[in-house]
Enquirer: 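Encoded as structure tokens, here's the structure I'll be asking about.
These numbers were taken from a predicted model, which means no experiment stands behind them. Every chain is numbered from 1 and lettered A, B, ... according to where its sequence line falls, protein lines coming before strand lines.
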There are 2 protein chains.
Amino acid sequence: MRKNKQATIIDVASEAGVSIATVSNVINRRKVPMSPETIRKVEEAVVRLGYRRNVMATNLSRRRSNELGLILPHFGGYYGRFAEKLEQKFHSYGYHLSVFSAAGMDPEVEERHIEHLLQRRVDGLVSHGLAISVHSTQQLVGEGTPLVFFNGWGWPGDITKVAVNLDFAKASSQAVQYFLAHGCRAVFYAGRRKGMGANEQRIEGFLAGLGDRAESTVHALLDAGELGVAGTLDEALRVSGDLRPIGIYTFNDALALELIAECHERGIRVPDEVQIIGMDNEHFAKASFPSITSFEMPVELQTSLVAAFLMRQMGEELDEAGTLLLDSYLAQMKGHELLIDMDMVVRNSTQN
Amino acid sequence: MRKNKQATIIDVASEAGVSIATVSNVINRRKVPMSPETIRKVEEAVVRLGYRRNVMATNLSRRRSNELGLILPHFGGYYGRFAEKLEQKFHSYGYHLSVFSAAGMDPEVEERHIEHLLQRRVDGLVSHGLAISVHSTQQLVGEGTPLVFFNGWGWPGDITKVAVNLDFAKASSQAVQYFLAHGCRAVFYAGRRKGMGANEQRIEGFLAGLGDRAESTVHALLDAGELGVAGTLDEALRVSGDLRPIGIYTFNDALALELIAECHERGIRVPDEVQIIGMDNEHFAKASFPSITSFEMPVELQTSLVAAFLMRQMGEELDEAGTLLLDSYLAQMKGHELLIDMDMVVRNSTQN
DNA sequence: CTGTTAGCGCTTTCAC
DNA sequence: GTGAAAGCGCTAACAG
């Protein structure tokens, strides 16, 4: 072992009195037959020298990076949890995960990340449906990089194999129906246009939830981004006249919290006059006053599915749990989109 | 270019009609003189072939991974933002960042991550002060891996070069003094023992903030982890008798929010009867009702400092901004700990 | 200015 | 069972 440097496989080989090929064999627990004696000698040498295999050399030699990439809109809230879970899943499949933030969808930043990932020769990629451009996607797919989206809608099937999406539409339907079933005489959706795909899904579901009561029920779609929180509440109150209570379904818990604060400010009682349902089930949803009825993000399930799909696309052997999971969900795919149900968590911002 | 494979430097060389050394030279913009003609030929070949340098080979050859590691308690809130910013900073220095979550300080998980980072031959590491064990730290330092902590207190100087810490103690002092200056007749700190180092800093500052009024002012340290939110409020109310208003300084905004909800529940007015100051300035602090007075986390500054310190420790040339930053802060280090001031954001959970 | 060549540390045939 | 040797793709002296 050269001074002051990490021991290499060569050092281990000479220390153990065997060839480097043999060392490699025992380290990788290859299926080739080896005498227990040799194994012992090598393992001892490894410990004695504090040998640690060099991942760069291994990967270069194997011609695969054993690395996967994840591109997120940012690292906050749900996305952070998503990254954390996914990292764990991939690790259990033997892969390293590199996470990037698209930094507010800046196309230049995104471009840079893709290039970087390609240079690292990532074996696969998962991206939020809105975090990368069509151009980048085509490039990736063209290079043959396995890719799975999560929360991506409207990707043409020819460039996308699979998107694992939360079923915001269904959740939204459920929210409306909950309002209707609990006395709301007017219902609203307070969205954020910048939510884009996710926003559209919610609108679609909101409308679907009204169903044949759409005609007879006062309702409206509000853009909180444009109107502001106060403006959104104003508008909902104006449109509903003296119909009470009203139900407001919001893009996410953050907006729900702001609306509730606005109600407090004006002395409007929640949920007596205004009922509110949020989305994301953030930590504060439970702790605010009143606590916020919301939808839980099934991060565990979603990351499991994302991982399983990517592994399959990469031709990796799935463990039993993964196979079962995949099989059970493969059935309910709509085209290349897979939808995951979300559970509503009823709290005190709605009547119950 | 071999079929179906990424072009290599050899392909580019033959395409451009030069040697691979020359290609390497122009790609790396080395300082060796090269004819413009050669450069052009190579660059054209690169484009034509869609050549992309293989990071694994580059790093193996250079004997450095160009990769840095970050170990966090988890990916939520402040930590997520921290990771995102730090990634950007390091990227601008030409380094890749791999982020890991210690997953609730599980020593086994931590061990695994360290081992993994070492196998990847990371050029340096930054870790939250509580996310890695003394043992791991010694190991890393022993191997000669540059290491900088953030929010780490009480690390012996011989194994730690530098810790870039938020000055929770000073902020806590400030919180108490604010309470005292705004009519509070009893003050409390509601902490979380599991916050450990960060918790101790707050306690220290809280006490210091009382100063010579400690004797004459009713105060107490409460452990919300043990008492629960309701219990914490009970205790504060009990201890303060009919002194009003009281001030409660909380470990973080999440706890502040819970306390506020508890007050609402009981019809206790905030801030008239109970004033509250949180910590972290989470998004919801602004949106809750009443909005929460809190301390802003200077993530931008902290990550800049962390990056600058690590770069210096790695013998990397700092840019001008980095040098200036370092110089200005080097002066105010206490031993190997550097303290960053935090700004209080006054909102409606306190009198003003 | 450009090319030759010896590695970087490990994997993987293919003989022995 | 074990080892010799040919790479993996690139960098960095060192010649020329």
Side-chain angles (χ1 to χ4, degrees), chain A residues 1-2 4-43 45-46 49-67 94 118-123, chain B residues 1-2 4-43 45-46 49-67 94 118-123:
Chain A
M1 168 172 181
R2 270 80 95 244
N4 191 28
K5 286 200 61 256
Q6 268 286 350
T8 73
I9 200 174
I10 300 185
D11 303 316
V12 176
S14 75
E15 173 82 14
V18 300
S19 77
I20 63 169
T22 300
V23 174
S24 177
N25 280 338
V26 358
I27 285 175
N28 294 299
R29 318 206 175 307
R30 277 241 200 59
K31 63 287 156 195
V32 301
M34 294 169 292
S35 81
E37 170 64 5
T38 306
I39 297 184
R40 192 188 50 72
K41 281 193 301 186
V42 171
E43 286 176 340
V46 164
L49 264 37
Y51 170 74
R52 196 170 281 126
R53 161 233 247 111
N54 183 323
V55 172
M56 294 180 284
T58 301
N59 292 343
L60 178 60
S61 184
R62 288 201 173 133
R63 248 159 312 170
R64 58 208 300 289
S65 64
N66 237 278
E67 183 169 330
L118 255 18
Q119 290 194 181
R120 297 188 73 86
R121 301 289 193 275
V122 289
D123 298 326
Chain B
M1 169 174 182
R2 271 79 97 244
N4 189 29
K5 287 202 60 255
Q6 268 286 349
T8 72
I9 201 174
I10 300 184
D11 303 317
V12 176
S14 76
E15 173 82 14
V18 299
S19 77
I20 64 168
T22 301
V23 174
S24 178
N25 280 338
V26 355
I27 285 176
N28 294 300
R29 319 207 172 304
R30 280 246 195 56
K31 62 285 154 196
V32 301
M34 294 170 291
S35 80
E37 170 64 4
T38 307
I39 296 183
R40 192 189 49 71
K41 279 193 303 185
V42 171
E43 286 177 341
V46 164
L49 264 38
Y51 170 74
R52 196 169 282 128
R53 168 235 239 107
N54 183 323
V55 172
M56 295 181 283
T58 301
N59 291 344
L60 178 60
S61 184
R62 287 198 174 138
R63 246 162 310 175
R64 58 208 297 288
S65 63
N66 239 278
E67 182 168 329
L118 255 19
Q119 290 194 183
R120 298 188 73 86
R121 300 291 193 274
V122 288
D123 298 327

Enquirer: Using the test side-chain contact (heavy atoms from CB on, under 4.5 Å), find all partners of A:A13 that sit at least two apart in sequence or belong to another chain.
Expert: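 Partners of A:A13 under the side-chain contact (heavy atoms from CB on, under 4.5 Å) test: A:I20, A:V23.
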Enquirer: Just to verify, what does B:R40 make a salt bridge (charged side-chain N to carboxylate O under 4.0 Å, His left out) with, not counting sequence neighbours?
Expert: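 Partners of B:R40 by the salt bridge (charged side-chain N to carboxylate O under 4.0 Å, His left out) criterion, ordered by chain and then number, come out as B:E37, B:E44.
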Enquirer: What is the distance from CG of A:L60 to C1' of D:dT11, rounded to the nearest Å?
Expert: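 In whole Å, D:dT11 C1' and A:L60 CG are 12 Å from each other.
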Enquirer: When the distance from CD of B:E37 to P of C:dC1 is rounded to whole Å, what number comes out?
Expert: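 For the pair B:E37 CD and C:dC1 P, the rounded distance is 13 Å.
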Enquirer: Using the test side-chain hydrogen bond (donor to acceptor under 3.5 Å, both in side chains), find all partners of B:T58 that sit at least two apart in sequence or belong to another chain.
Expert: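 B:T58: side-chain hydrogen bond (donor to acceptor under 3.5 Å, both in side chains) contacts with B:R53.
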Enquirer: Applying side-chain hydrogen bond (donor to acceptor under 3.5 Å, both in side chains), name anything that partners A:R52, two or more places apart in sequence or on another chain.
Expert: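 Result, side-chain hydrogen bond (donor to acceptor under 3.5 Å, both in side chains) vs A:R52: B:E115, B:E143.
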Enquirer: Indicate for each nucleotide in nucleotides 11-16 of chain C, in 5' to 3' sequence, whether protein heavy atoms under 4.0 Å reach the base (B), only the sugar-phosphate (S), or nothing (-).
Expert: BB----
Enquirer: Counting side-chain heavy atoms from C-beta on, which of C:dC8, D:dC8, D:dT2 comes nearest to B:R63?
Expert: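 Nearest nucleotide to the side chain: C:dC8.
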Enquirer: Mind checking what makes salt bridge (charged side-chain N to carboxylate O under 4.0 Å, His left out) contact with A:R63, not counting sequence neighbours?
Expert: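 A:R63: no salt bridge (charged side-chain N to carboxylate O under 4.0 Å, His left out) contacts found.
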Enquirer: What distance separates B:N28 CG from B:R62 CZ, expressed to the nearest 0.5 Å?
Expert: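 With rounding to 0.5 Å, CG (B:N28) is 5.0 Å from CZ (B:R62).
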Enquirer: Find the distance B:R121:CZ to C:dC10:P and express it as a whole number of Å.
Expert: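 In whole Å, C:dC10 P lies 7 Å from B:R121 CZ.
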Enquirer: Quick one: B:M34 CE to C:dG3 P, roughly how many Å, whole number?
Expert: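 Computing the B:M34:CE to C:dG3:P distance gives 12 Å.
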Enquirer: In whole angstrom, give the distance that lies between atom CD of A:Q6 and atom C1' of C:dG9.
Expert: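 So the CD-C1' distance, A:Q6 to C:dG9, works out to 12 Å.
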Enquirer: Find the distance B:N66:CG to D:dC10:C1' and express it as a whole number of Å.
Expert: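 Taking CG of B:N66 and C1' of D:dC10, I get 14 Å after rounding.
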Enquirer: Could you tell me, to 10°, how much the axis swings from one end of the helix from C:dC1-D:dG16 to C:dC16-D:dG1 to the other, five pairs per end?
Expert: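 Roughly 40° between the end axes, to the nearest 10°.
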Enquirer: Name the pairs: protein N/O against N/O of nucleotides 14-16 of chain D, kept only if under 3.5 Å.
Expert:
none

Enquirer: Would you mind reading off the distance between B:N54 atom CG and D:dC8 atom C1', rounded to a whole angstrom?
Expert: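 The distance from CG of B:N54 to C1' of D:dC8 comes to 8 Å, rounded to the nearest Å.
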Enquirer: B:T38 side chain N/O closer than 4.0 Å to the phosphate oxygens (OP1, OP2) of C:dC1?
Expert: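 For C:dC1, OP1/OP2 do not have a side-chain N/O of B:T38 under 4.0 Å.
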Enquirer: For A:V46, enumerate each residue passing the side-chain contact (heavy atoms from CB on, under 4.5 Å) test, keeping only those at least two apart in sequence or located in another chain.
Expert: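 With sequence neighbours excluded, A:V46 shows a side-chain contact (heavy atoms from CB on, under 4.5 Å) to A:V12, A:V42, A:Y51, given in chain and number order.
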Enquirer: Mind checking what makes side-chain contact (heavy atoms from CB on, under 4.5 Å) contact with B:N59, not counting sequence neighbours?
Expert: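 Residues passing side-chain contact (heavy atoms from CB on, under 4.5 Å) with B:N59: A:M56, B:V55, B:N66.
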Enquirer: Taking only residues two or more places apart in sequence, or in another chain, which ones meet A:N25 in a side-chain hydrogen bond (donor to acceptor under 3.5 Å, both in side chains)?
Expert: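 side-chain hydrogen bond (donor to acceptor under 3.5 Å, both in side chains) list for A:N25, sorted by chain: A:R30.
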Enquirer: Can you tell me the distance, in whole Å, between the CD1 atom of A:I10 and the P atom of C:dC8?
Expert: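 The distance from CD1 of A:I10 to P of C:dC8 comes to 7 Å, rounded to the nearest Å.
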Enquirer: Applying side-chain hydrogen bond (donor to acceptor under 3.5 Å, both in side chains), name anything that partners A:E67, two or more places apart in sequence or on another chain.
Expert: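 Expected list: A:S98, A:R120, B:R120.
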Enquirer: Taking atom CD of B:E15 and atom CD1 of B:I10, what is their separation to the nearest 0.5 Å?
Expert: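 Going from the CD atom of B:E15 to the CD1 atom of B:I10 covers 14.0 Å.
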Enquirer: As a test of reading the structure: which of D:dG3, D:dG1, C:dG9 is closest to the side chain of A:V18, going by heavy atoms?
Expert: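 Nearest to the side chain of A:V18 among the choices is D:dG3.
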